[in-house]
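Working notes, beginning with the structure itself.
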Amino acid sequence: EVQLVESGGGLVQPGGSLTLSCAASGFAFSNYWMHWVRRAPGKGLVWVSRIKGDGININYADSVRGRFTISRDNAKNTVYLQMTSLRAEDTAVYYCGRDLHIAAADYWGQGTLVTVSS
Amino acid sequence: QSVLTQPPSVSAAPGQTVTISCSGSSSNIANNYVSWYQHLPGTAPKLLIYDDNKRFSGIPDRFSGSKSGTSATLGITGIQTGDEADYYCGTWDTSLTVVVFGGGTKLTVL
């Protein structure tokens with residue numbers, strides 16, 4: 001059974017940093033692109049970043065490029081999202097997803113809440 | 001402002017049919033596969049349609065996807081109260097080299 005479990009969310013001050021983790025199980029992790037998306041309160045779903053199975057090919061949304069870093073550890077079946085210079089507008093539930101085909105992700109975690117506030 | 005444009009809301013009574021449009025451009029929808037998601041805040045997004053018109057495993061045939069030029073459409077027939085949720089289209093944008101989503105459409109079941 002495919003499972004994705006996010007962790008690492010919490011309350012952080014503006015300008016602070018946080019690293020999210022997504023632990024995967026039930027599939028050949030290193031063969032799949034992985035995505036991060038987020039949904040802010042009262043807002044829509046927004047794509048954040050993706051990383052190929054080799055960990056080399058990476059893409060970011062303009063809103064996070066230069067502040068967020070996606071990475072993965074295939075030995076631990078885990079994908080990470082390192083977030084720095086956090087802003088109030090980064091407050092959202094962050095979800096990781098397994099890529100099925102290009103922009104389609106077939107399995108998702110339940111999400112982890114990040115709140116950026118002083 | 002989202003790269004893909006969806007109507008903010010649609011509504012339908014149980015048993016009726018609804019369509020949700022997703023408008024883009026030649027750099028995204030016209031030349032890349034479109035997917036559709038159902039999402040309720042606080043829950044995991046649910047993939048409904050991928051590759052324009054393929055239903056994901058376990059998705060009932062009440063849900064369908066189509067595409068023509070720079071627009072895509074999600075159709076839902078036999079609306080049920082459990083379909084009340086937010087729906088998003090998504091695709092790759094070749095010019096921006098990012099995944100793009102629509103702003104989302106809230107389906108209300110009357």
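Checking side-chain atoms of E84(B) against main-chain N and O of T108(B) turns up no donor-acceptor pair under 3.5 Å. In this structure a side-chain-to-backbone donor-acceptor pair under 3.5 Å is missing from N74(A) to N77(A).
Atom CG of D106(A) is separated from atom OH of Y50(B) by 9.0 Å, given to the nearest 0.5 angstrom.
If you tally non-hydrogen atom pairs under 4.5 Å between each of S2(B), P41(B), G102(B) and chain A, the highest count goes to P41(B). For the set P45(B), G104(B), G103(B), the entry with the most heavy-atom pairs within less than 4.5 Å of chain A is P45(B). The candidate with the highest count of non-hydrogen atom pairs below 4.5 Å against chain B, out of Q110(A), H101(A), H35(A), is H101(A). Between chain A and the residues T91(B), V98(B), N32(B), the largest count of heavy-atom pairs under 4.5 Å involves V98(B).
Of the atoms belonging to Y60(A), it is backbone heavy atoms, and not side-chain ones, that fall under 4.5 Å from chain B. L100(A) touches chain B through its side chain: at least one heavy atom from C-beta onward sits under 4.5 Å away, while N, CA, C and O do not. Proximity to chain B (any heavy atom under 4.5 Å) is restricted, for V46(A), to the backbone atoms N, CA, C and O. No part of V48(A) comes within reach of chain B, as not one of its non-hydrogen atoms sits under 4.5 angstrom from that chain.
Ring geometry, Y88(B) versus F101(B): the interplanar angle falls from 30° to 60°, so the pair is classed tilted. A tilted orientation is assigned to the rings of F68(A) and Y94(A), their planes being inclined by 30° to 60°.
Considering only heavy atoms from C-beta on, L47(B) comes within 4.5 Å of S35(B) through its side chain.
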